[in-house]
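Counting from 1, the numbers follow the sequence of the chain as shown. Scope of the values below: all heavy atoms of this structure, side chains included, with no hydrogens, waters or symmetry mates.
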Amino acid sequence: MPGVFVNYRTGDGEWAAALVKRELSARFGADQVFYASQSIRLGEDFSREILSGLRRCEVLLALIGPRWSGAVDREGVRRLEKTDDWVRREITEAFQCGLRVIPVLMDGISPLTEDDLPDALKRLARCQYLRIHHRSDDLDLPRLVDELVELVPELVAPRPAPAPRSDRPAEGELRSPVTEFRQALAEPVGQTVTDRVTSAASSVLDLLTESRYPTTGRLDDHELPSELEKRLTGYEHDLAPLLRLVAIGVRSGDRRHDDLWVTLVERFLRPVPRDRSAQDVWVNAALYPALLLVYVIGVAAVASGREDLVHRLLCRTTDGRVVALRALALRGVVDPRHAAALPSWDGMPPHQALSVQLRQVLSRVFFNVVDGSGFEWAFADYEFLRSLLELHDGAFSSLGEFAVRLDQAGDVIYERNLARLNVDSPLLRAGAFDGEPDKVSTAWRELRQATHARYS
């Protein structure tokens, strides 16, 4: 039976190795994961068991942290240069046995280069890699599982003979929530797409409480940036599983679920009673979950050619609820002055900081949903279309990271979106710009003026 071999260096990210082992064991079964410190029993030949376990696997995950490459022995010799280094031996053996080797880069380290590696390991630098970060492991670990299921479907035990199916997966079925959601999209059985998304959303909303994210309490200017960043990171972690499902669902292009996506945003935009002592910075930040959802739906819709859904999501409302386009202007969620002061956002121009952060968060959400360049274009095009819609609606535009490139080479992004902005496009047929191309041209001129005024 194929399995996954977890390769890591002692003293260099055991936390990640332990998390990966736990997640994979929960998804595929402990017998499908080889993790030396737990897979080898007392009294067994360490060398023989490692190599035997390796040869029974189909995938080796090489967990690479900041000390992986430079680790030295007691004599000061770099361990990777030594043929008896077990990290090196396991990887070279994996290559020789034909295993798929996947580097897993930890905590933002740079990709490997061949110059960094001894000859026996240079091939590792050419392997496509994944990332895992201690601040986003709840996004990164499910993504890793999803990737492994798609690469090596044999990791999943065969299903039993057909029988009445319950909503909960039987032992041995695909356990990845993302994989099960993909199945529900393609072949609705058991829990429906709506059931899964609604359940995931309810779980998130249960976390977004005043006790967990208080809106009261004043902080001085020194304390505010780090606390605000911690608040936004908390929201990102809480929403991670839901965002992944939504990205996959919208990207499928299935129009039957449009009501679901719009209703989902409306649930997160519902006003909550406000304490008299509530601080604006925290009340505004409480809109960040809704902003994340709108961005995920918008980017996925653009990537799927569903600009009509973008218009419905941003500009139309039901039951008198607030219009998302106005409620979720970027500066109304995180003040640009605060955004520029956040510790990990330091150095970003104030009016781009939140946009850059959203792109970085969504790049993980869209992993294996929209490819790298496709995601970058869809993100920029969504922000471009949103800004045009804002300027048609009023005198203000959130702009965003795309606006810098727009001022430098505006015709490129405009020409890329021409087909989305003609009279026969789904966007205008849905009612955007009152269906009039002349009003698109007016919004475009105003957008050029806004970017020129801000960035020139």
Between CG of Asp381 and CZ of Arg416, what distance do you get to the nearest 0.5 Å? 4.0 Å
Less than 4.5 Å apart, side chain to side chain, heavy atoms only: is that true for Leu358 and Tyr288? yes
is_close_aromatic(Tyr295, Phe379), centroid dist under 6.0 Å: yes
Are Thr192 and Thr194 close enough that a side-chain donor and a side-chain acceptor fall under 3.5 Å? no
Quick one: does any side-chain atom of Thr198 pair with a main-chain N or O of Asp195 as donor and acceptor, under 3.5 Å? no
Hey, are Gln357 and Gln352 close enough side-chain-wise for a donor-acceptor pair under 3.5 Å? no
Within the 3.5 Å criterion, strictly below it, is a donor on Asp438 or Ser441 matched to an acceptor on the partner's side chain? no
Do you see a donor-acceptor pair shorter than 3.5 Å between the side chains of Glu307 and Ser425? no
Under 3.5 Å, is there a donor on one side chain and an acceptor on the other for Glu210 and Thr215? yes
Are Asp308 and Arg255 ion-paired here, with the side-chain N under 4.0 Å from a carboxylate O? yes
Decide if the gap between the ring center of Phe384 and the ring center of Trp444 is smaller than 6.0 angstrom. yes
Validation row: Leu291, Leu287 side chains within 4.5 angstrom (heavy atoms): no
Could you tell me whether the side chain of Glu23 reaches within less than 4.5 Å of the side chain of Leu144, counting heavy atoms only? no
Taking the side chain as every heavy atom from C-beta outward, state whether Val193 and Asp254 have any atom pair closer than 4.5 Å. no
Tell me, do Arg312 and Asp259 make a side-chain contact under 4.5 Å, heavy atoms counted? yes
Side-chain contact, heavy-atom cut-off 4.5 Å: Asp258 with Arg306? yes
Do NZ/NE/NH1/NH2 and the carboxylate oxygens of Asp107 and Arg131 come within less than 4.0 Å? no
Taking atom CD of Gln128 as the centre, report whether more than 12 heavy atoms of other residues, nucleotides or ligands fall under 6.0 Å from it. no
Is the closest side-chain donor-acceptor distance between Ser355 and Glu383 under 3.5 Å? yes
Identify whether the distance between the nearest side-chain nitrogen and carboxylate oxygen of Asp238 and Arg212 falls below 4.0 Å. yes
Judged by atom type as modelled, is there a donor-acceptor pair below 3.5 Å linking the side chain of Glu58 to the main-chain atoms of Leu99? no
Contact check, side chains of Asn417 and Leu385, non-hydrogen atoms, under 4.5 Å: yes
More than 12 heavy atoms of other residues, nucleotides or ligands under 6.0 Å from CZ of Arg218: yes or no? no
I'd like to check Leu60 versus Ile91 (side-chain heavy atoms, cut-off strictly below 4.5 Å). Are they in contact? yes
